[in-house]
Protein chains: 2
Amino acid sequence: MSEKNGSERRLTTRGAATRRRIVAAAADLATKRGVGETSLDDVMEASGASKSQLYHYFADKDALLREAAALQAERVLAAHGPLLDALDSLAAMRVWRDAVLALNRRTGCPLGALVYQLPPSARRARTTVEDGLEAWRGMIEDGLARMQSRGELAPDAAPADIAFAVLSAVQGGLLLSRSAKSDRPLELAFDMALAHVAAQVRRPADRSLAETPRSR
Amino acid sequence: MSEKNGSERRLTTRGAATRRRIVAAAADLATKRGVGETSLDDVMEASGASKSQLYHYFADKDALLREAAALQAERVLAAHGPLLDALDSLAAMRVWRDAVLALNRRTGCPLGALVYQLPPSARRARTTVEDGLEAWRGMIEDGLARMQSRGELAPDAAPADIAFAVLSAVQGGLLLSRSAKSDRPLELAFDMALAHVAAQVRRPADRSLAETPRSR
DNA sequence: AGGAAACTGGACTGTCAAGTCCAATTGATG
DNA sequence: CATCAATTGGACTTGACAGTCCAGTTTCCT
């Protein structure tokens with residue numbers, strides 16, 4: 001089995017940089033134009049690398065795609081991580097919501113898009129995306145668990161389940177926002193998710209505040 | 001401008017049948033393998049048509065794609081239409097939910113997938129998908145409006161907004177169910193949507209029944 | 001019937017994209 | 001410095017795919 005993955009034998013500083021440039025360019029293009037509309041020639045031009053460089057660092061297009069997907073997952077997690085790490089109250093969740101809305105370019109979710117865009121051949125890349133989404137959901141779950149241990153969420157609430165629902169709302173909202181070219185779907189979906197969490201909050205005061213989150 | 005669309009001058013019974021076969025095959029393949037993985041040769045083989053037939057009935061691939069997208073939208077609306085036409089109560093919404101869950105093949109939404117899969121070049125096809133999703137949302141909205149006029153939904157509830165949230169949950173749930181290869185995300189997302197509607201139901205009895213729809 | 005138009009088969013073209021190959025250059029290392 | 005591995009340029013091969021073309025067949029309509 002040829003090894004062109006992380007366990008590359010040696011890797012010069014320059015080589016590592018080239019490699020990174022290539023992956024970044026692939027991830028950018030895949031996000032911007034879509035996976036199917038991203039050719040290696042495009043990646044070459046965008047990264048300033050040559051054909052032989054691509055095949056020096058990656059076994060084939062699928063391998064590159066896999067790393068691009070991993071980078072995209074990293075980026076998404078890096079964007080939401082700090083906000084989700086701080087998730088320990090409804091107020092913090094509203095902060096997260098505002099950030100997500102501010103981030104929304106009506107272009108959909110770069111990670112969610114891959115669920116539908118990756119060709120069946122790219123099995124590894126697919127797995128990477130699945131793991132990324134699951135990690136994302138896990139971060140939400142952890143935040144909800146913190147809320148619960150702080151006594152903010154009802155003891156019988158199920159953070160794992162709620163996290164699935166919340167991430168579904170976000171993904172669906174992003175998809176519909178892309179389709180409708182409007183922020184409204186995402187806004188409404190996220191507010192539903194907020195209300196869903198708020199409905200399981202202990203303190204009635206905070207709950208009533210959140211149950212009618214009609215923006216403005 | 002050449003006309004190969006609906007206003008085709010004349011169309012034999014046989015011709016119309018061939019045309020339909022082609023569109024159906026294209027829609028099937030696009031759903032099964034993805035738009036990017038569907039070549040005209042594939043469509044030829046699946047439909048038993050020849051190259052010249054494809055180009056006799058369609059100006060180019062984008063035109064075919066557009067009709068395939070329209071057919072896919074029709075199919076989805078036809079599947080949900082009867083259930084959504086009957087939507088006039090929480091109970092009816094639960095029936096719809098059960099049907100959607102039963103329909104789920106963990107393959108995502110054939111219509112939602114197109115939002116991410118259609119190439120930017122296929123502008124018309126894109127519009128068709130957007131219209132399809134909007135029509136779907138409209139059907140949900142209409143059902144909620146019926147609930148409202150029946151006095152089941154609070155007078156200040158906004159059916160249009162709720163419909164966006166509900167469809168977001170469905171789309172996100174389907175996407176995550178595809179990724180996770182599990183029905184759970186869709187189930188949890190849909191139950192959240194149900195609770196969201198139930199929260200705006202007048203009769204407290206029905207509401208309490210629905211607010212904890214934890215399946216089983 | 002018989003001409004026109006719809007329909008069909010299938011070979012052909014041009015383009016583009018993935019992947020290969022080899023020679024040349026740069027850098028690391030003893 | 002000598003040597004070897006890492007790195008790079010870029011031409012080349014191969015195949016797939018969208019789209020073209022024309023000749024032949026079937027159907028429609030008067």
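Chain A is the first sequence line, chain B the second, and so forth, proteins listed ahead of strands; every chain is numbered from 1.
If A:Ser50 and B:Lys51 are placed on DNA chain D by their nearest nucleotide, the residue sitting closer to the 5' end is A:Ser50. Both A:Thr18 and B:Asp62 sit near DNA chain D, but only A:Thr18 has its closest nucleotide nearer the 5' end.
The NZ atom of B:Lys61 sits 19 Å away from the P atom of C:dT15 (whole-angstrom rounding). The separation between B:Tyr57 atom OH and C:dA6 atom P is 10 Å, rounded to whole Å. Distance CG (B:Leu54) to C1' (C:dG10): 13 Å, rounded to an integer number of Å. Between the P atom of D:dA11 and the OH atom of A:Tyr55 lies a distance of 17 Å, rounded to the nearest Å. For B:Phe58 and D:dC17, the CZ to P distance is 19 Å, given to the nearest whole Å. Following rounding to the nearest Å, A:Asp60 (CG) and C:dA17 (C1') show an atom-to-atom distance of 14 Å.
Under the side chain to side chain donor-acceptor pair (under 3.5 Å) rule, B:Thr31 has a single partner from B:Gln117, B:Gln72, B:Arg75, which is B:Gln72.
For the OP1/OP2 pair of C:dC7 and a distance below 4.0 Å, the side-chain nitrogens and oxygens of B:Gln53 include no atom meeting the criterion.
Ranking D:dT8, D:dT7, C:dA6 by closeness to the A:Leu11 side chain, first place goes to D:dT7.
Closest non-hydrogen pair, B:Leu71 versus B:Val23, comes out as CD2-CG1, 3.9 Å. Taking both residues in full, the closest heavy atoms of A:Ala169 and B:Ser168 are given as O-CB, 4.3 Å, listed atom of the first, atom of the second, then distance.
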Worksheet, complete the sentence: Each nucleotide of nucleotides 25-30 of chain C classed B (base within 4.0 Å of a protein heavy atom), S (only sugar-phosphate) or -, in 5' to 3' order, makes -SS---
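The backbone N or O of A:Val197 lies less than 3.5 Å from no partner atom in the side chain of A:Gln200, so there is not a single donor-acceptor pair. Looking at B:Arg105, its side chain does come within 3.5 Å of a backbone N or O of B:Ala102 through a donor-acceptor pair.
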Discussion item. Between A:Arg124 and A:Asp62, is the salt bridge (charged side-chain N to carboxylate O under 4.0 Å, His left out) condition met? List the steps.
Written reply: CA-CA 8 Å; A:Arg124 309 278 305 256; A:Asp62 275 4; over 6 Å; no
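Residues that satisfy the side chain to side chain contact (heavy atoms under 4.5 Å, CB included) test with B:Arg126, not counting sequence neighbours, are A:Arg178, B:Leu118, B:Glu130.
Within residues 21-45 of chain B, the residues approaching DNA chain D are B:Ser39, B:Leu40, B:Asp41, by heavy-atom distance under 4.0 Å.
Ring pair A:His80/A:Trp136 is tilted by interplanar angle, where 30° to 60° counts as tilted.
At most 12 non-hydrogen atoms from other residues, nucleotides or ligands lie less than 6.0 angstrom from CZ of B:Arg123.
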